[in-house]
*Asks:* 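Okay, handing you the structure first.
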Amino acid sequence: MADYDARRVEEKWQKIWQGQNVSRAIDNDPSRPKYYLLEMLPYPSGTLHMGHMRNYTIGDAVARYKRMCGFNVLHPIGWDAFGLPAENAAIKRGTPPREWTNSNIAQMKAVCERFGFSYDWAREISTCEPAYYRWNQWFFLKMLESGLAYRKRSRVNWCPQCQTVLANEQVIDGFCWQHETTPVEAKEIEQWFLRITDFADALLEGIDELTGGWPERVLIQQRNWIGKSSGARVRFDVADIAGIGLDVFTTRIDTIYGVSALLVSASHPQLGSVLEGVPGRAGMDAQLRAMRQSSVKAADIATAEKEGFFTGRFAVNPFSGERVPIWVANFVLAEYGTGAVMCVPAHDERDYEFCEKYHLPVKVVIQPLHAAPLRADRMNEAFTEYGKLVDSGPYSGLASEQAREKMAADAAAKSFGAAEITYRLKDWGISRQRYWGTPIPVVYCEKDGIVGVPEDQLPVRLPENVTLTGQGQSPLASVPEFVNATCPKCGGPARRETDTMDTFIDSSWYFYRYTDPHNDRAPFDKAKAAYWFAIDQYIGGVEHAILHLIYSRFFCKMMNGLGLVNHREPVKRLFSQGMVLRDGAKMSKSKGNIVGAIEMADKYGCDTGRMYTLFAAPPEKDLEWSEQGIEGSSRFLNRVYRLIDKHAPRLRNVRLNFNVQMDMAKASEKEKLLVRRAHQTLKRVTNDFDVRWHFNTSIALIMELVNALSAQEPLDQDISPEILKAVLCLLVVMLSPMTPHIGEELWEMLGNEGGLAKQAWPAYREDLAREEQVEVIIQINGRVRGKMLVDAELGDDELTDRALADERIKMLLDGKQIVKTIAVPKKLVNIVVR
RNA sequence: GCCCGGGUGGCGGAAUGGCAUACGCGGGGGACUUAAAAUCCCUUGACCUUCGGGUUGUGCGGGUUCGAGUCCCGCCCCGGGCACCA
């Protein structure tokens with residue numbers, strides 16, 4: 001008996017699959033339904049560990065299953081090949097970024113092939129190739145034309161470690177998303193932005209469409225990030241200075257008669273004018289400097305003590321005409337709303353806290369609808385709910401909801417305010433002062449200003465052989481051949497833009513490129529994209545909840561506007577898989593806790609690794625790597641191999657029929673049991689693939705089937721070859737999406753031709769899965785007191801009679817009064833006694 | 001503070017309101033072997049037991065139900081997200 005030789009079997013079948021074009025997706029195939037399955041494209045860092053492999057294993061199992069179910073499956077992969085690590089590696093060891101990147105890609109591709117992932121390699125893309133990034137430039141030009149791309153000077157996030165600007169989405173808690181050690185700094189520079197805010201409402205509305213298909217927490221994160229809030233803008237004139245007014249944004253204009261102060265941020269642009277000529281100015285300036293420098297960390301900000309000072313100036317409440325002091329307060333954000341707020345201590349927690357500290361007056365202007373009236377002198381916290389207005393001039397007596405509308409309308413009529421909606425979402429800053437990315441296709445001409453590079457001159461190629469320093473401005477600025485350009489409009493001298501694009505642009509539309517990867521006239525063919533889209537299933541880590549996943553949605557909407565696509569959302573279903581941990585921590589190079597994919601495959605074979613990652617935990621949960629666990633998986637596959645190896649010779653020439661003709665009169669109990677077992681397993685495994693994706697339970701069920709087979713040994717004496725073959729083949733088929741190499745090998749050993757990859761997934765048969773006899777438990781007062789084997793179809797009354805007739809039950813019921821009985825067919829009888 | 005997930009044996013984890021702990025790992029015992037590895041078999045929540053079985057047990061406290069890991073209410077703990085957003 002030969003042992004299972006993983007390496008030989010894996011190489012053998014990978015070669016055969018290649019020859020059969022097993023994973024080729026066919027454009028516009030009318031004969032089958034399409035299924036677009038995608039895992040997030042990897043950054044080619046060079047190392048692939050079991051964390052990556054888990055992601056791809058889940059995808060591959062589903063891809064193989066869907067193919068067997070008759071779908072035309074698009075399962076592509078590519079490389080997110082631009083980005084800083086390549087540039088940093090180049091600076092460190094002098095290897096050009098392209099060389100470093102391509103050699104990593106080659107390594108990683110080899111690992112993917114070693115694992116037998118069924119990607120359509122003919123569609124492989126790499127974002128650093130001109131054939132790809134020219135379309136980034138093309139999209140940029142389209143957005144420049146329509147005004148969605150624009151240039152402005154503003155305060156942006158600067159990561160001192162990356163030596164580049166970051167988008168808001170790429171700053172997490174005040175730190176760069178890649179570097180959790182150095183805080184992001186504020187820097188005022190001019191750069192390119194994409195008007196993602198134009199789509200704020202569309203992105204918000206799309207969330208409803210995604211509900212059910214996307215994990216709720218991702219949708220919540222996106223909704224929070226967009227942060228829509230409706231309220232009003234109101235102008236407070238500054239007293240004693242003609243012509244200066246401060247705008248506040250509020251969602252509670254209904255509380256405006258309760259304003260005790262006007263609070264402005266330390267960075268408010270008008271603060272200079274307000275403070276003009278007030279006494280004590282020097283001391284104030286010192287305080288302002290201190291406030292502007294305070295911590296950027298969100299957690300610190302939220303818990304920081306509220307600080308502020310009176311500016312000596314007053315503002316006039318346009319509704320009441322009341323004069324209120326103007327204060328500077330550290331908790332007012334310069335970047336949100338108008339950078340100034342009205343302070344209503346009775347109806348806002350923060351304002352209450354602030355006024356408590358500085359002894360500012362509290363005035364109640366909203367009374368609760370269903371509780372005792374509030375009194376300012378008896379309050380110990382703000383009342384922030386809606387209620388009924390009091391002491392609010394002509395608005396007294398109105399409900400908050402109505403007052404909000406009426407007061408905003410009145411403010412607009414008297415032109416000191418208007419209803420307004422603000423968003424937390426800001427435009428996407430895409431300029432990067434680094435080399436290894438897509439050049440922004442723009443030149444600056446003295447005469448014509450900003451001029452987009454004409455489409456027919458794309459791509460603007462990234463020059464190779466550039467000296468990289470990593471010193472805070474784009475290395476491209478030091479390449480005269482690149483910088484010096486001709487203005488496409490006037491033909492005069494022009495300077496080329498030297499910043500490159502955020503690499504998140506590359507990944508915002510890459511999945512469209514897979515539908516038409518070699519097109520050199522357009523980013524993709526509309527009809528091909530229309531056939532394959534939307535993505536039926538996307539799989540990736542949850543860390544991209546508001547990065548890649550919001551940018552991609554924005555791009556889809558932008559493309560929809562260009563008429564390139566006709567759908568509104570690119571991804572129907574999203575699955576977030578858990579991380580692979582070792583010693584409780586996420587696998588990473590720096591922690592030194594990596595289990596290398598190749599090492600794992602060398603030791604156990606890739607099918608064993610695939611099986612373990614699917615078996616050890618359901619896919620959405622984190623998985624703790626266990627060397628003993630993987631040995632268990634290895635043992636199991638060997639056991640299956642030996643079982644089939646033992647019986648295959650006798651079965652090789654038997655005709656395979658999954659729907660064994662069960663002649664009930666002829667079949668033995670043992671035979672019926674095995675067939676039933678197999679079809680019950682098939683039913684549940686099919687369900688796991690279709691709806692639950694709990695591959696761990698699928699594998700457990702298959703293990704049980706193998707256990708049942710082993711328990712029935714010797715199989716060759718009591719089981720007819722037809723039945724045994726059908727059961728063993730079912731077993732192999734069910735296993736094959738998860739462990740495809742050993743699956744194919746066993747399938748062949750059992751005498752089947754044509755390859756499993758092209759085999760149809762068998763339908764389970766209810767009649768073969770049905771149990772004739774079931775064990776029903778007998779309870780007395782909910783406690784198990786007996787069991788009986790009965791006909792599965794037995795009704796309630798019959799069941800109850802049988803239970804009551806049981807000798808042991810009779811004995812236990814002796815002297816008790818039966819209050820009621822509950823019978824559940826196929827399950828139990830519960831006898832309630834007193 | 002607010003919003004999502006979770007909390008089940010020694011461990012990873014199973015359980016459409018119906019025998020809690022499937023399956024695997026680990027532990028204990030045995031078979032095969034000169035021996036070991038591999039393999040196979042038995043056993044394995046806790047407590048009590050006259051070895052028939054009994055009691056108890058899914059973070060804690062209540063409730064609904066004939067019956068609750070599962071549903072409801074109130075807490076505790078862990079993980080994640082948001083966090084002075086006016």
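Quick note on labels: first sequence line is chain A, next is B, and so on, each numbered from 1.
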*Asks:* Flag the pair A/W625 / A/Y612 as yes when their ring centroid distance falls below 6.0 Å, and as no otherwise.
*Replies:* yes

*Asks:* Should A/R808 be listed as having a side-chain N or O under 4.0 Å from OP1 or OP2 of B/G53?
*Replies:* no

*Asks:* Does a salt bridge link A/R676 with A/E771, judged by any charged N lying under 4.0 Å from a carboxylate O?
*Replies:* yes

*Asks:* Can you tell which of B/G5, B/G12, B/A22 lies closest to the side chain of A/E704?
*Replies:* B/A22

*Asks:* B/G74 pairs with which nucleotide, Watson-Crick or G-U wobble, both distances below 3.5 Å?
*Replies:* B/C60

*Asks:* Below the 4.0 Å mark, does B/A86 have OP1 or OP2 next to a side-chain nitrogen or oxygen of A/S229?
*Replies:* yes

*Asks:* Do any side-chain nitrogens or oxygens of A/R350 fall under 4.0 Å of OP1 or OP2 in B/G1?
*Replies:* no

*Asks:* Which part of the nucleic acid does A/R834 contact within heavy-atom distance under 4.0 Å: base, sugar-phosphate only, or nothing?
*Replies:* nothing

*Asks:* OP1 or OP2 of B/C82 less than 4.0 angstrom from a side-chain nitrogen or oxygen of A/R217, does that happen here?
*Replies:* no

*Asks:* With distance as the sole criterion, do the side chain of A/K787 and the base of B/C19 form a donor-acceptor contact below 3.5 Å?
*Replies:* yes

*Asks:* Between the base of B/C19 and the side chain of A/E775, is there a donor-acceptor distance below 3.5 Å?
*Replies:* yes

*Asks:* Return whichever of A/N781 or A/A700 has its heavy-atom-nearest nucleotide of RNA chain B closer to the 5' end.
*Replies:* A/A700

*Asks:* Would A/K306 and A/F354 count as a cation-pi pair here, with the cationic atom under 6.0 angstrom from the ring centre and within 45° of the axis?
*Replies:* no

*Asks:* Mind checking if A/R785 touches a base, just sugar-phosphate, or nothing, with heavy atoms under 4.0 Å?
*Replies:* sugar-phosphate

*Asks:* Should A/D247 and A/R235 be marked as a salt bridge (Lys or Arg N to Asp or Glu O under 4.0 Å) after you check the CA-CA gap, both sets of side-chain angles, and the distance that decides it?
*Replies:* CA-CA 4 Å; A/D247 279 354; A/R235 197 181 70 243; 5.1 Å; no

*Asks:* What nucleic acid atoms does A/G227 come within less than 4.0 Å of, heavy atoms only: base, sugar-phosphate, or nothing?
*Replies:* nothing

*Asks:* Compare side-chain N and O positions of A/R635 against OP1 and OP2 of B/G26 and report whether any pair is under 4.0 Å apart.
*Replies:* yes

*Asks:* Using OP1 and OP2 only, check whether a side-chain N or O of A/N224 sits under 4.0 Å from B/C85.
*Replies:* no

*Asks:* Answer yes or no: does a side-chain N or O of A/Y336 lie under 4.0 Å from OP1 or OP2 of B/A86?
*Replies:* yes

*Asks:* One thing to verify: whether A/R808 and A/D806 come together as a salt bridge, which I'm taking to mean a side-chain N less than 4.0 angstrom from a carboxylate O.
*Replies:* no

*Asks:* For B/G9, is chi within 90° of 0 (syn) or not (anti)?
*Replies:* syn

*Asks:* Quick check for you: among B/G5, B/G81, B/A15, whose closest atom lies nearest to any side-chain atom of A/Q221?
*Replies:* B/G81

*Asks:* Please confirm whether the shortest side-chain N or O distance from A/N696 to OP1 or OP2 of B/A14 is below 4.0 Å.
*Replies:* yes

